[in-house]
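Proteins get letters first, then strands, A, B, ... in listed order; numbering begins at 1 in each.
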There are 2 protein chains.
Amino acid sequence: MQHPKKKYYSIDQEKLAGYARAVSHPVRVFILDFLADNLDKCCYSGDMAEELPIARSTLSEHLRVLKSAGLIQGEINPPFIKYCINRENWEEAKHLFAQFFKR
Amino acid sequence: MQHPKKKYYSIDQEKLAGYARAVSHPVRVFILDFLADNLDKCCYSGDMAEELPIARSTLSEHLRVLKSAGLIQGEINPPFIKYCINRENWEEAKHLFAQFFKR
DNA sequence: TATTTGTTTCGTATTTTTACGAAATAAAGA
DNA sequence: TCTTTATTTCGTAAAAATACGAAACAAATA
């Protein structure tokens with residue numbers, strides 16, 4: 001980089017982009033909707049696999065992406081894994097998006 | 001696909017994913033923040049290039065992505081192109097995200 | 001008409017994402 | 001201990017995203 005420019009994007013801009021990236025695939029939106037609609041009972045991977053025309057391993061990969069973005073968490077209870085929305089980060093994302101669009 | 005599953009994602013889930021995809025890169029968040037903060041005057045590509053350590057062509061590509069997602073629009077006034085937030089779609093995205101996170 | 005100007009498009013390379021089936025895993029039950 | 005079960009990880013392939021510099025563009029101006 002020959003001429004470093006004055007400034008670049010902020011931490012919040014990077015955070016927002018990260019959450020947006022997690023939500024940027026329809027299957028992952030579906031998963032998040034599914035989990036958010038079933039907050040009381042949480043869900044197993046298999047519950048969602050029933051509803052989606054994709055391989056189990058592909059679903060697992062989408063769950064991994066959501067988990068690494070922090071939007072969901074999985075409580076291991078073999079051979080099941082009970083997935084839930086990660087409340088703390090969900091609220092952070094909600095706030096970031098609300099701030100972003102509030103203009 | 002041997003066993004077509006019962007249902008798949010909805011139109012709104014696809015729309016949300018599409019808007020999220022557009023916002024899923026920090027440079028694009030930066031651009032949208034920049035435009036939203038300057039609603040009165042709108043902006044030229046060059047105004048933003050000053051602030052970002054990326055090639056002009058790369059910025060142009062990000063603008064193209066945002067335009068094709070519908071979040072911005074460009075009024076051609078050669079050799080300038082004045083960019084603005086696309087108000088209608090911005091409101092739609094705002095609403096979709098608000099609905100999504102409201103739980 | 002040739003030049004300048006701000007921007008986009010093109011060609012290309014690299015990286016990341018998405019997807020699948022096969023194999024691995026880890027606990028429960030036969 | 002051998003299966004069964006629900007799920008993840010691995011290996012791989014194909015598609016999409018990201019980035020850059022060079023070339024193209026289109027209007028204004030010299």
Side-chain angles (χ1 to χ4, degrees), chain A residues 1-5 8-9 13-14 17-32 34-35 41-69 71-84, chain B residues 1-5 8-9 13-14 17-32 34-35 41-69 71-84:
Chain A
M1 211 186 302
Q2 55 266 39
H3 286 267
K5 302 295 166 68
Y8 205 21
Y9 47 78
Q13 284 172 336
E14 207 154 25
Y19 284 127
R21 170 84 60 187
V23 183
S24 74
H25 193 288
V27 165
R28 293 198 290 268
V29 176
F30 179 94
I31 292 168
L32 292 170
F34 195 90
L35 292 178
K41 51 185 163 81
C42 291
C43 299
Y44 302 109
S45 167
D47 300 336
M48 294 177 274
E50 299 280 318
E51 312 283 329
L52 291 166
I54 58 174
R56 301 270 167 144
S57 53
T58 304
L59 172 56
S60 187
E61 164 70 3
H62 283 300
L63 290 168
R64 191 192 62 73
V65 170
L66 288 172
K67 204 159 32 179
S68 95
L71 285 177
I72 68 173
Q73 59 197 116
E75 183 193 318
I76 296 169
N77 187 18
F80 297 94
I81 295 182
K82 191 155 67 175
Y83 284 104
C84 303
Chain B
M1 210 185 302
Q2 54 263 40
H3 285 268
K5 302 295 166 67
Y8 205 19
Y9 46 79
Q13 285 171 335
E14 207 155 24
Y19 285 127
R21 170 85 61 187
V23 183
S24 75
H25 193 288
V27 165
R28 293 198 289 270
V29 175
F30 179 94
I31 292 169
L32 292 169
F34 195 90
L35 292 177
K41 50 184 161 79
C42 291
C43 300
Y44 302 109
S45 167
D47 301 336
M48 294 178 274
E50 300 281 318
E51 312 283 330
L52 291 166
I54 58 174
R56 301 268 167 148
S57 54
T58 303
L59 172 56
S60 187
E61 165 68 4
H62 283 302
L63 289 168
R64 191 192 63 73
V65 170
L66 288 172
K67 203 159 33 178
S68 94
L71 285 176
I72 68 172
Q73 59 197 116
E75 184 192 317
I76 297 169
N77 187 18
F80 297 94
I81 296 182
K82 191 156 68 175
Y83 285 104
C84 304

When rounded to whole Å, the CG to C1' distance for the pair A:Leu52 and C:dA19 reads 14 Å
Before you tell me yes or no, could you show the steps for B:Asp47 and B:Phe34 under side-chain contact (heavy atoms from CB on, under 4.5 Å), namely the whole-Å CA-CA distance, both residues' side-chain angles and the distance that decides it to 0.1 Å? CA-CA 10 Å; B:Asp47 301 336; B:Phe34 195 90; 4.2 Å; yes
note: A:Lys82, atom NZ; D:dT5, atom P; distance rounded to Å ~ 22 Å
The side-chain contact (heavy atoms from CB on, under 4.5 Å) partners of B:Glu14 (sequence neighbours excluded) come to B:Tyr9
Donor-acceptor pair, side chain of B:Arg28 and main chain of B:Arg21, under 3.5 angstrom:
yes
Atom CE of A:Met48 and atom C1' of D:dA6 are separated, to the nearest Å, by 12 Å
When rounded to whole Å, the CG to C1' distance for the pair A:Leu63 and C:dT18 reads 14 Å
Here the distance between atom C1' of C:dT8 and atom CD1 of B:Ile31, to the nearest Å, is 14 Å
Protein-nucleotides 16-20 of chain D N/O pairs under 3.5 Å:
{"residue": "D:dT18", "atom": "OP1", "partner": "A:Arg21", "partner atom": "NH2", "Å": "2.8"}
{"residue": "D:dT18", "atom": "OP2", "partner": "B:Arg28", "partner atom": "NH1", "Å": "3.0"}
{"residue": "D:dT18", "atom": "OP2", "partner": "B:Arg28", "partner atom": "NH2", "Å": "3.2"}
{"residue": "D:dA19", "atom": "OP2", "partner": "B:His62", "partner atom": "NE2", "Å": "2.6"}
{"residue": "D:dC20", "atom": "OP2", "partner": "B:Ala55", "partner atom": "N", "Å": "3.0"}
{"residue": "D:dC20", "atom": "OP2", "partner": "B:Thr58", "partner atom": "OG1", "Å": "2.7"}

Minimal heavy-atom distance between B:Met48 and B:Ile31, with the atoms involved, is SD-CG2, 3.7 Å
side-chain contact (heavy atoms from CB on, under 4.5 Å) filter on B:Ala17, not counting sequence neighbours, yields A:Pro26, A:Val29
Sorted by chain and residue number, the side-chain contact (heavy atoms from CB on, under 4.5 Å) partners of B:Thr58 (sequence neighbours excluded) come out as B:Ile54, B:Ala55, B:His62
